[in-house]
Structures are given as structure tokens and as C-alpha cells.
Chemist: 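Below is a structure I'd like to ask you about.
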Amino acid sequence: MGFIKRYYYVEEPIPAFLFLMKQLGVSQGQSQRIITTGRLFVNGKVWERSGHKIQGHVEVKMFVPQSKGVEPIFTTPDFGLFDKPSGVLVHPRTRFTNYSLLDDIRHVYGKDANAIHRIDKETSGLLLVSRNKESERRLKLMFESRNVKKSYLAWVRGKIDKPFKVNVPLKRNDDFSTIKLKVLVDPDGKDALTYFEPIEYDEIHDTTLIQAFPHTGRQHQIRVHLFHVKHPIIGDPIYGVPTEIAIKYLDKEITEEERLYYMGAKRLLLHAQTLTFDYQGVSYNFNSKFDFESLKSLIVKPKKRFNFCLP
């Protein structure tokens, strides 16, 4: 992701969000996002107060897409579909993020294009993208109303020989003394339901290829549900490893050797495989062409201790 700087001098005081709306032609929500992500500077300092008036020397850092050549696999006038690689963020986390898939999304479709749902950085697979603000509103409402069906593939620890479901509530962990990004099974959490079906068991690696059908869309839902039933996903750097190892991963201090030793693979072996929905009277059923099953070759044979911190 690249940014360019635009410089202004503001003579008459004006609310920060209104200045951005007028100068950049953005919505109020977009102007507030510029401010909350630390991209507005007033007299050399980051400005954080959207409604307060600004005056003097103003600098705005503007997002400029930097394409890496990732192309959509399907396009309509209202939306597109990408097959996201593992290791790529969907949205930039901060203004210092070098690249996210949003770069290529907006390189292809323009500044109003946006991702409709979340996929974790290490998860690969299908990502639905709106091409304009009206289709973004419609598509997000479809997800909120659970009118979009999704399925995932995952290589998991251990043998699974029959279908099952996990119906336990999930809650974001508020104890920042451990792992602030971790999601926990908690009776006070939000309802979360996932159905699982085994596809193939590999005895050599003691791993099962499964298909997951999330009925709800909670953060880390599939990962936490599988960890809860003692079948964590191979390569998961947070669920199934010691807390100190997860923190090393989040702090980007983990070595490749540690990653393989504790997690069993150098990436999270989870893939968004299918998307099914109706849009404007047309039924769509998408299936990723990526050969996820072949990623079994990335799994380290089980002579090491990965995914051993089971609930």
C-alpha cells in the first residue's frame, strides 16, 4: 500500500471531517476513517478529533493502490470475486502496511470498491468485493442476514471419521495481559454454530481434511471451534500453542523452525472454498480452483510437538 501526501493551508477554522469532505470529495465516514487511522496532520501533529476545528498547515496522507497483479476470478458490474493468497491482509492495519489485497481491489475496480467480509491474513480463498457503494450496502446486508452460504477446507490434527457440529458461544478476550486478539469459548459470548464433515484422513501425518460450514460469522469461529473439540487446524499460530509462542508470532519474532515445531506447518491450513448467494434475482455458486488438498505436503510429520496445548 502506498500513500501520497497532500498539503494545504487552512486560513479559516473548519471542522476536520468537513475539511476532508470538501477537499477530497469523500463521505463523512471516509473522512473520519482518515482521521482515526492517523492520516491527518495539523501543524505537524497527528489530528485525532474529527469534530474539532482545524487551522494552519494541514497534511493528509492519501491511499494510493500499489498493485501486485492479483486479478479477480469473476466480475459483474456490481461485484467481483478474488481468490486471496495466504499471507496477505485484506485491509491495511495501519498507514505503515506495505501491501494489502485492497491495493489490487481498488487498482482493478476503483476507489469505491471494498471487501465485503473478513478473511484472516493466513487464510486463503474466496473473497467477495463490491464495486460501488450501493452494491456494498446490499452485499453487506446479505451477510448480516445470513443469506450468504460459505464453506471452508482445513487440515486438522487427529482423526475425524464422522460429521459433527460445534455450537458454543464465542467472546473476544478482553484480558490484554495474554493475547489481545484471541477469541474464547464463553457462556456470555455470542452464539456461534459450525458444521463439520470429514473428507480424508492421512495416517502418516495424523491429520484429517475436513469441510467446515459456518452458520454464524464470528471472528476466528472455525479455528476456535476446532480447537475446542481438540482438533486444531495445522499451522494455527494462536490456537493450540503455548501463550508465549503465540505472542512471539503476533510480535513477528518467531523463527521458521519454531513455527514448524509448534504448529506443524508454515501457514494456517484453512481455505475459504465456496460462496453461494442470490443477488438481484441471479443465483451464484462459486468454488475455489485452488488445490488446497495438495497443501498436505507442507505438514511436518508428527514427530514434533505442534498443536499440543489442547483445552
Chemist: What's the spacing between M263 CE and R157 CZ if we round to 0.5 Å?
Modeler: 14.5 Å
Chemist: Would you check if there is a donor-acceptor pair between the side chains of E122 and S86 at a distance under 3.5 Å?
Modeler: no
Chemist: Ring centroids only, cut at 6.0 angstrom: are F74 and F82 within range, meaning strictly under it?
Modeler: no
Chemist: When rounded to the nearest 0.5 angstrom, what is the spacing between CD1 in I238 and OG1 in T243?
Modeler: 11.0 Å
Chemist: Can the positive tip of K150 be found less than 6.0 Å from the middle of the six-membered ring of F213, inside 45° of the ring normal?
Modeler: no
Chemist: Hey, are E203 and K159 close enough for a salt bridge, meaning a charged N less than 4.0 Å from a carboxylate O?
Modeler: no
Chemist: Taking R131 for the side chain and T76 for the main chain, is one N or O donor matched with an acceptor at less than 3.5 Å?
Modeler: yes
Chemist: Ignoring hydrogens and geometry beyond distance, is a side-chain donor-acceptor pair present between T208 and H231 at under 3.5 Å?
Modeler: no
Chemist: Please examine the side chains of I199 and I210, heavy atoms only from C-beta on, and report whether any two atoms are closer than 4.5 Å.
Modeler: no
Chemist: Which heavy atom in P187 sits nearest to a heavy atom in P169, and how many Å separate them?
Modeler: CA-CG, 3.8 Å
Chemist: For the pair N285 (side chain) and T276 (backbone), establish whether a donor and an acceptor sit closer than 3.5 Å, ignoring hydrogens and angles.
Modeler: no
Chemist: Nearest 0.5 Å, what's the NZ-OG distance between K121 and S100?
Modeler: 11.0 Å
Chemist: Less than 3.5 Å apart, any donor N or O on the side chain of D104 or H107 sitting next to an acceptor on the other?
Modeler: no
Chemist: Less than 4.5 Å apart, any side-chain heavy atom of L170 and any of Q221?
Modeler: yes
Chemist: For the CG atom of D120 and the CD atom of Q219, what is their distance to the nearest 0.5 Å?
Modeler: 7.0 Å
Chemist: Should F19 and Y8 be marked as a ring-ring contact (aromatic ring centres under 6.0 Å, His included) after you check the CA-CA gap, both sets of side-chain angles, and the distance that decides it?
Modeler: CA-CA 10 Å; F19 167 80; Y8 306 88; 5.3 Å; yes
Chemist: Could you state the interatomic distance from CG (L260) to CD1 (I299), rounded to the nearest 0.5 Å?
Modeler: 11.5 Å
Chemist: Would N287 and T274 count as having a side-chain donor-acceptor pair, cut-off 3.5 Å?
Modeler: no
Chemist: Between F277 and F79, does the ring centre distance come in under 6.0 Å?
Modeler: yes
Chemist: Going through the distances and angles, do E256 and R259 end up as a salt bridge (Lys or Arg N to Asp or Glu O under 4.0 Å)?
Modeler: CA-CA 5 Å; E256 184 173 319; R259 177 83 196 249; over 6 Å; no
Chemist: Test salt bridge (Lys or Arg N to Asp or Glu O under 4.0 Å) on E59 and R39; report intermediate values, then the result.
Modeler: CA-CA 8 Å; E59 175 186 331; R39 293 189 278 133; over 6 Å; no
Chemist: Aromatic ring centroids of H220 and Y239 under 6.0 Å?
Modeler: yes
Chemist: Quick one: are Y249 and E244 in side-chain contact, heavy atoms under 4.5 Å?
Modeler: no
Chemist: Measure across G38 and V46 and return the closest heavy-atom pair with its distance rounded to 0.1 Å.
Modeler: CA-CG1, 3.9 Å
Chemist: Do the charged groups of R223 and D236 touch, with an N to O distance under 4.0 Å?
Modeler: yes
Chemist: Taking N132 for the side chain and E134 for the main chain, is one N or O donor matched with an acceptor at less than 3.5 Å?
Modeler: yes
Chemist: Can you find a pair of side-chain heavy atoms, one from L275 and one from L81, that are under 4.5 Å apart?
Modeler: yes
Chemist: So does K266 have more than 12 non-hydrogen atoms from other groups sitting under 6.0 Å from NZ?
Modeler: no
Chemist: For atom NZ of K165, is the number of surrounding heavy atoms from other residues, nucleotides or ligands below 6.0 Å larger than 12?
Modeler: no
Chemist: May I ask you to check whether S130 and R138 show a side-chain donor-acceptor distance below 3.5 Å?
Modeler: no
Chemist: I'd like to know whether the aromatic ring centres of Y284 and F286 sit less than 6.0 Å apart in this structure.
Modeler: yes
Chemist: Keeping S135 on the side-chain end and D78 on the backbone end, is there a donor-acceptor pair under 3.5 Å?
Modeler: yes
Chemist: Do side-chain atoms of E258 reach the backbone of T255 as a donor and acceptor pair under 3.5 angstrom?
Modeler: yes
Chemist: Between R218 and D191 (salt bridge meaning N to carboxylate O under 4.0 Å), is one present in this structure?
Modeler: no
Chemist: Distance check, rounded to the nearest 0.5 Å: K140 atom NZ versus M142 atom CE?
Modeler: 13.5 Å
Chemist: Kindly say whether the aromatic ring centers of F290 and H271 come within a distance under 6.0 Å.
Modeler: yes
Chemist: Quick check: does any side chain N or O of D202 sit under 3.5 Å from a backbone N or O of H205, one acting as donor and the other as acceptor?
Modeler: yes
Chemist: Where the side chain of T216 meets the backbone of L193, is there a donor-acceptor pair that is under 3.5 Å apart?
Modeler: yes
Chemist: Is K84 reaching over with its side chain to a backbone N or O of V88, donor-acceptor style, under 3.5 angstrom?
Modeler: yes
Chemist: For a quick check under 3.5 Å, do Y201 and D161 share a side-chain donor-acceptor pair by atom type?
Modeler: no
Chemist: Side chains of S288 and D83: any donor to acceptor distance under 3.5 Å?
Modeler: yes
Chemist: Establish, from distance only, whether the side-chain atoms of H91 and N114 form a donor-acceptor pair under 3.5 Å.
Modeler: yes
Chemist: Begin from the C-alpha positions of R267 and S124 and carry the test side-chain hydrogen bond (donor to acceptor under 3.5 Å, both in side chains) through to its verdict.
Modeler: CA-CA 10 Å; R267 60 153 286 189; S124 53; 3.0 Å; yes
